[in-house]
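Single-structure report; data block below.
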Amino acid sequence: MKAIADLFSTDYGLFSIAGIAFMIGMAIWFYRFFNRKMLESERAERKRG
């Protein structure tokens with residue numbers, strides 16, 4: 001329980017949570033970005049023949 005208390009009540013714990021949330025957000029953004037670009041490329045390739 002001390003670890004969880006430290007995680008949410010200390011500056012280094014809060015920065016850890018912020019860092020983890022930022023990395024998860026980046027992963028979601030990169031997945032959506034690259035997936036969208038691959039689909040656009042696939043559609044353009046089909047149009048060209």
Side-chain angles (χ1 to χ4, degrees):
M1 287 310 278
K2 174 105 171 75
I4 291 176
D6 283 348
L7 183 64
F8 290 106
S9 64
T10 61
D11 56 347
Y12 53 85
L14 294 173
F15 277 118
S16 295
I17 292 171
I20 291 167
F22 180 75
M23 286 187 280
I24 290 170
M26 275 181 48
I28 292 168
W29 185 86
F30 276 119
Y31 172 78
R32 293 182 68 205
F33 176 76
F34 289 125
N35 198 29
R36 184 174 62 239
K37 291 296 182 182
M38 286 187 293
L39 290 174
E40 286 175 5
S41 175
E42 188 177 315
R43 282 189 212 120
E45 190 67 30
R46 282 189 199 158
K47 262 188 178 178
R48 272 196 311 183

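As the structure is a prediction and not an experimental result, all values here were calculated from the model.
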Give a yes or no on whether F22 and W29 share a hydrophobic cluster (residues Ile, Leu, Val, Met, Phe, Trp, Tyr; joining criterion: side-chain heavy atoms under 4.5 Å apart). yes
For the side chain of S16 and the backbone of Y12, is there at least one donor-acceptor N/O pair under 3.5 Å apart? yes
Between atom CG of L39 and atom CG of N35, what is the distance when rounded to the nearest 0.5 Å? 5.0 Å
Indicate yes or no: does E45 engage R48 in a salt bridge with an N to O separation below 4.0 Å. yes
Measuring from atom CZ of R32 to atom CD1 of I28, what distance do you get when rounded to the nearest 0.5 angstrom? 9.0 Å
Is there a side-chain contact between E40 and R36 in this structure, where contact means two heavy atoms from C-beta onward sitting under 4.5 Å apart? yes
Should we count CD1 of I4 as having more than 12 external heavy atoms under 6.0 Å? no
